[in-house]
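The next block holds one structure in the form of C-alpha cells; read it before the comments.
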Amino acid sequence: MQPPTNHSTLHNIMNLRKLISGLLTLAAGITMSAQEGSTAYNFLNTTSSSRIYGLGGVNISNITGYLGSTDQNPGLLGGEMDNQLLVNYMRYLGDSNFAGARYARAAGDYGAWAIGVQYYGYGTIKGADENGILTGDFSPSDLSFTGTYSHDITDRLRGGATLKLVYSGYDEYSAFAVATDLGINYYDEERDMSLSFVVSNLGGQVKRFRDTYDRLPVDLRLGWSQSFGSLPIRFSVTAWNLTKWHLPYYSPGDGTAQSEPVTKDSFSSNLFRHLIFAADFTPSDKFYLSLGYNYKTRTDMSTYSRSFISGFSLGAGLNVDKFGIGLAFAQPHTGGTTFMLNLRLDINDFLN
C-alpha cells in the first residue's frame with residue numbers, strides 16, 4: 001500500500017472509527033437475518049482466482065500485488081495493480097464451465113477501480129413438462145458483472161466495495177439480483193502480517209424467477225495471513241460462514257446395507273467447518289505453490305469411499321516480465337475433478 005501523506009492522522013482515525021462502527025453494525029444485522037433460511041446464488045462463492053482456489057477456495061487476506069487476490073476482498077485492490085488484465089477459466093463438476101475477465105486501474109495516489117464479468121455455464125439439460133414429455137434441451141447459466149473501488153485509509157489500512165449485477169437464465173425463466181461485497185484489510189509489511197474482514201453478497205433479488213424469493217448467500221468472513229522469519233511460506237486461516245454456528249452434515253457410514261447416515265453436529269465439527277487452512281510457498285516473485293484444506297468441502301462431499309485428497313486443493317503459478325499464468329486442481333468428490341486456469345497480463349509492460 002502507498003502511504004497517504006496528505007491525510008492528517010486525526011482525519012484517518014475518525015474515518016477508521018466510522019468504518020469499523022458501520023461494519024460492526026452491519027454485521028450484527030446480517031448475522032440475525034442470515035439465520036432465517038437457505039440461500040440460492042451460491043455460485044457467487046466460487047472463486048475465479050486459481051491462486052485462491054489453490055488456497056482452499058476462500059481466502060480474503062493473502063497479499064500478492066496481483067489482481068487475482070482481490071477476488072473475494074475488494075479491500076485488497078490497489079494502485080499497484082494498475083493496468084492489469086486477468087482472464088480465467090474453470091472446468092467444474094459435471095459439465096459445468098466457468099469463465100471471465102477482470103481489469104484494474106489506479107485512481108489517483110490512494111485509490112483503484114476494477115471491472116469484471118463472469119460466466120457460469122452448467123452444460124445442456126433435457127427439458128420436460130409436468131407430464132414428463134420432453135420439450136427440448138436448454139443450457140442454464142448465470143452471468144455476473146462487477147465493479148470495484150478501493151481506497152487507502154492509512155499506510156497499512158485499505159477498504160473497498162464491489163457491486164455485483166447478477167443475471168440468471170434457466171430455460172424460459174430468468175431472474176436478476178444485486179449484491180455487494182464490503183472489505184477491509186490491514187497489512188503490516190515489516191511483519192508480513194495481513195488481517196481482513198469481509199461482508200460478502202449483501203443484497204437481494206430485483207426480479208424473481210416466479211413467485212418465490214431466493215436469498216443471496218450473505219456471509220461474514222475473517223482472514224489472517226502471515227509469514228515467519230526468512231521462511232518463504234505464508235500461512236493463512238480463513239473463517240467463513242460466520243452468520244451461523246451450526247453447520248451439521250451427514251456421515252455416510254461404511255457403505256454396507258446395514259449402515260445409515262448419521263448427523264454430525266459436534267463442537268469440533270462445527271468449528272472446523274468454519275475454517276480453511278492454507279500455505280503459500282513463494283521462493284521468489286517468479287513462482288509460487290499453494291496448498292489449501294477445506295474441511296467443509298470434504299464433509300459436504302463425503303462418501304464411504306471418499307478420496308483422500310477430498311477437501312485439499314493445490315495451485316501453482318509462474319510470473320514472467322509481462323504476464324503470469326496460474327493453475328489449480330482439486331478433487332472434492334470421487335466422481336469429479338476440478339481444474340482452473342488464470343492468465344494475467346501486465347499491460348503497462350507492453351507499453352514501455
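The structure presented is a predicted model; accordingly, all values stated were derived computationally and were not measured.
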Can you tell me if [X] uses its side chain to pair, donor with acceptor, with the backbone of [Y] under 3.5 Å?
X    : Y    : result
S96  : Y92  : no
S225 : S236 : no
N270 : L247 : yes
D181 : A161 : no
S227 : P232 : no
H274 : K244 : yes
T338 : A330 : yes
D188 : E190 : yes
N294 : K296 : yes

Below 4.5 Å, heavy atoms only, C-beta onward: do [X] and [Y] meet side chain to side chain?
X    : Y    : value
V166 : L44  : yes
Y110 : I153 : no
F197 : L220 : yes
Y41  : D214 : yes
W113 : Y103 : yes
Y250 : K264 : no

Quiz item: Do K322's NZ or CZ and the ring of F350 fall within the cation-pi criteria of under 6.0 Å and 45°?
Solution: yes
Quiz item: Is the charged tip of R298 near the ring of Y293: under 6.0 Å from the six-membered ring centre and within 45° of its axis?
Solution: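 No, R298 does not sit over the ring of Y293.
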May I ask you to check whether [X] and [Y] show a side-chain donor-acceptor distance below 3.5 Å?
X    : Y    : answer
D142 : S168 : yes
S49  : T47  : no
N88  : N342 : no
R156 : Y186 : yes
K207 : S174 : yes
Y89  : N97  : yes

Practice problem: Evaluate side-chain hydrogen bond (donor to acceptor under 3.5 Å, both in side chains) for R221 paired with T238, printing each intermediate quantity in order. | Solution: CA-CA 7 Å; R221 299 172 181 177; T238 305; over 6 Å; no
Rounded distance [0.5 Å steps], [atom1] in [X] versus [atom2] in [Y]:
X    : Y    : atom1 : atom2 : answer
Y53  : M340 : OH    : CE    : 6.5 Å
T243 : D219 : OG1   : CG    : 5.5 Å
D155 : E189 : CG    : CD    : 10.0 Å
K286 : N319 : NZ    : CG    : 7.5 Å
L222 : L242 : CG    : CG    : 5.5 Å
R51  : L327 : CZ    : CG    : 13.0 Å

Quiz item: Does the pair M193 and W224 meet the rule for a side chain to side chain contact (heavy atoms under 4.5 Å, CB included), with working shown?
Solution: CA-CA 7 Å; M193 182 184 71; W224 164 81; 4.1 Å; yes
If hydrophobic clusters are built from ILVMFWY residues whose side chains come within less than 4.5 Å, do [X] and [Y] share one?
X    : Y    : answer
L195 : W240 : no
F323 : Y288 : no
F287 : V320 : no
Y249 : L271 : yes
V199 : L157 : yes

Exercise. Report the relative orientation of the aromatic rings in F277 and F272; use parallel for angles under 30°, tilted for 30 to 60°, perpendicular for over 60°.
Key: tilted
Salt-bridged, [X] to [Y], with N to O below 4.0 Å?
X    : Y    : value
R158 : E80  : yes
D95  : R91  : yes
R234 : D192 : yes

What heavy-atom pair brings [X] and [Y] nearest, and what distance separates the two atoms?
X    : Y    : answer
I233 : F281 : CG1-CD1, 3.7 Å
T70  : R102 : OG1-NH1, 3.2 Å
Y149 : A112 : CD1-O, 3.2 Å
Q205 : A175 : NE2-CB, 3.7 Å
D71  : I52  : CB-CD1, 3.6 Å
N59  : Q72  : N-OE1, 3.1 Å

Practice problem: Dump the intermediate steps for side chain to side chain contact (heavy atoms under 4.5 Å, CB included) on S313 and Q331, then the final yes or no. | Solution: CA-CA 8 Å; S313 56; Q331 189 184 59; over 6 Å; no
Quiz item: Under the side-chain hydrogen bond (donor to acceptor under 3.5 Å, both in side chains) test, which residues partner S194, sequence neighbours left out?
Solution: N185
May I ask you to check whether [Y] and [X] place their ring centres under 6.0 Å from each other?
X    : Y    : answer
F339 : F329 : no
F98  : Y119 : no
Y120 : F43  : yes
F267 : W245 : yes

Quiz item: Could you go step by step and tell me if S69 and L67 meet the side chain to side chain contact (heavy atoms under 4.5 Å, CB included) rule?
Solution: CA-CA 5 Å; S69 65; L67 186 54; over 6 Å; no
Quiz item: Is there a side-chain hydrogen bond (donor to acceptor under 3.5 Å, both in side chains) between S61 and S196 once you walk through the steps?
Solution: CA-CA 5 Å; S61 56; S196 291; 5.1 Å; no
Exercise. Mind running side chain to side chain contact (heavy atoms under 4.5 Å, CB included) on D82 and N348 for me, showing each step along the way?
Key: CA-CA 8 Å; D82 180 55; N348 286 334; 3.1 Å; yes
Exercise. Write out all pairs satisfying salt bridge (Lys or Arg N to Asp or Glu O under 4.0 Å) with one or both partners inside residues 337-347, taking only residues at least two apart or from two chains.
Key: R344-D346
